[in-house]
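Structure first, then comments.
Just the heavy atoms: all of them, side chains too, but no hydrogens, waters or symmetry mates, feed the values below. Note that the coordinates shown come from a computational prediction; the quantities given were computed from them, not determined experimentally.
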Amino acid sequence: MTVRLPLLLLLLLPAVGSTGCATIRVTDPARTATEQFLLSQAITQSISQLNVDALRDRKVFVDPTYLAGAEQIAVQGELRQRLFTSPEQSFATAEFREKLLIAGARLVHERKDADVVVELRAGGMSIDRLDNLVGLPATVLSQGETGGVPIGIPEVALYKNTRQRGFAGLSYVAFRNDTGEYVTSSGPYIGRTLRDDFWLFGMGPRTVGNIPPTQNPK
C-alpha cells in the first residue's frame, strides 16, 4: 500500500514534536563496551563455577589450543603451531589461569615442565539480541513518492525494546603430561549476562542489566 507524502508527514508531525531521539551504538571499535562486558562478565561467571581443587600443588601447563584454535605455519622449513584468539578467548584463558593460581596450582610456561596439562574449551561465547518496535521504522521515500529527491523519514517509536543476552559455557579437562592419564575435569558451566534498553514515546533509553555499563550509567 502506498502512503501519500502529505498524509505521512501529517501523521509524523505530532510524534516528532513530542519525542526525542537516542542511539546506543556510536563507536569505533569492533565491539562496544556493552558487548565486551556482556561477554567478559559471562566468562567470569562460568569460570567461577569450575572446580580446580584437584590441581592444588601440581605443576600445571594451560593449553588454550582447543579454546582458541590453531593453524600450522612454516618457520625456517619447520612446521609450527600458531594460535589465533579473539579478545574474549584470551580473557577466558587469563581468568582461568588466575583461578588456578588462587586454588594453589603452580603454573609453568613450558609444557615439558608440567606434571599436568589442562585443556580449556568453550561450548559457546556470544551474544543474543532481540529488537522490538511498536511504531514506524526508519524509511526512505523514493523520488516517485516525493516528486523530487528521496526523503529519509526517521524512526518513530511508540515503544521500543532492545534486549541483549551474553552467554559463555566453559569447561576443562586435565591429564598427566607423561602418560596422558586422566586427572580431573569440570564443566561445562554457563555464565549469563543481560542488558535491556526501553524507549516509550521516544523517551529513553531506560536501561537495566547486570554489567558495569548498566549499573552506573552516568
Side-chain angles (χ1 to χ4, degrees), residues 27-129 164-195 210-213 215:
T27 182
D28 291 326
R31 290 192 185 277
T32 64
T34 291
E35 292 169 337
Q36 291 173 3
F37 277 110
L38 282 168
L39 286 173
S40 65
Q41 296 295 301
I43 289 168
T44 298
Q45 288 181 22
S46 177
I47 288 180
S48 69
Q49 301 175 76
L50 296 176
N51 187 339
V52 296
D53 292 342
L55 301 176
R56 183 181 302 276
D57 294 327
R58 302 284 192 102
K59 291 182 180 180
V60 176
F61 175 78
V62 178
D63 184 354
T65 301
Y66 297 98
L67 175 68
E71 61 183 353
Q72 297 289 331
I73 60 172
V75 178
Q76 297 180 349
E78 179 183 350
L79 284 178
R80 296 184 183 179
Q81 191 177 70
R82 180 176 66 182
L83 297 180
F84 48 93
T85 63
S86 64
E88 55 268 21
Q89 290 168 336
S90 297
F91 180 79
T93 301
E95 282 286 284
F96 184 63
R97 289 171 62 87
E98 179 184 11
K99 185 175 182 68
L100 289 172
L101 289 170
I102 293 173
R106 291 176 288 170
L107 299 185
V108 297
H109 296 290
E110 299 290 338
R111 189 183 185 113
K112 62 181 178 59
D113 298 327
D115 300 326
V116 176
V117 175
V118 174
E119 293 176 349
L120 183 64
R121 62 187 184 274
M125 290 189 294
S126 195
I127 299 169
D128 285 347
R129 174 172 173 158
Q164 296 180 82
R165 298 291 185 268
F167 296 94
L170 294 158
S171 59
Y172 80 88
V173 62
F175 53 90
R176 290 181 57 89
N177 192 30
D178 52 356
T179 65
E181 180 183 1
Y182 171 86
V183 174
T184 187
S185 61
S186 185
Y189 290 106
I190 308 300
R192 298 175 175 86
T193 53
L194 64 93
R195 172 170 175 154
N210 62 353
I211 58 173
Q215 294 165 359

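Atoms CZ and CZ, from Arg192 and Phe167 in turn, are 6.5 Å apart once rounded to the nearest 0.5 Å. Going from atom CG of Leu101 over to atom CZ of Phe96 covers 10.5 Å, rounded to the nearest 0.5 Å. Rounded to the nearest 0.5 Å, atoms CD (Glu88) and CG (Leu39) are 5.0 Å apart. Taken from CG in Leu50 to NZ in Lys99, the straight-line distance is 6.5 Å, to the nearest 0.5 Å. Separation of atoms CG (Leu55) and CZ (Arg58) is listed at 7.0 Å; rounding is to 0.5 Å.
Nearest approach of Leu170 to Ala122, heavy atoms of both residues: CD2-CB, 3.6 Å. Ala92 approaches Met125 most closely through the heavy-atom pair CB-SD, 4.3 Å.
Listed by chain and number, the residues in a side chain to side chain donor-acceptor pair (under 3.5 Å) with Asp178 are Arg176 (sequence neighbours excluded). Under the salt bridge (Lys or Arg N to Asp or Glu O under 4.0 Å) criterion, Arg165 pairs with Asp196, not counting sequence neighbours.
The backbone N or O of Gln45 lies less than 3.5 Å from a partner atom in the side chain of Gln49, making a donor-acceptor pair. Within the 3.5 Å criterion, the main-chain N or O of Asp57 finds a donor-acceptor partner in the side chain of Arg106. Proximity of a side-chain donor or acceptor of Asn177 to a complementary backbone N or O of Ala114 within less than 3.5 Å is detected. No donor-acceptor pair closer than 3.5 Å links the side chain of Glu119 to the backbone N or O of Val173. Using modelled atom types, one side-chain atom of Ser46 and one backbone atom of Tyr189 make a donor-acceptor pair closer than 3.5 Å.
Classification of Lys59 and Asp113 as a salt-bridged pair fails, no side-chain N sitting under 4.0 Å from a carboxylate O.
Residues Val52 and Tyr172 have side chains in contact (heavy-atom distance under 4.5 Å, counting atoms from C-beta outward).
Of the candidates Asn210, Ile127, Asp128, Ile127 is the only one forming a side chain to side chain contact (heavy atoms under 4.5 Å, CB included) with Leu38.
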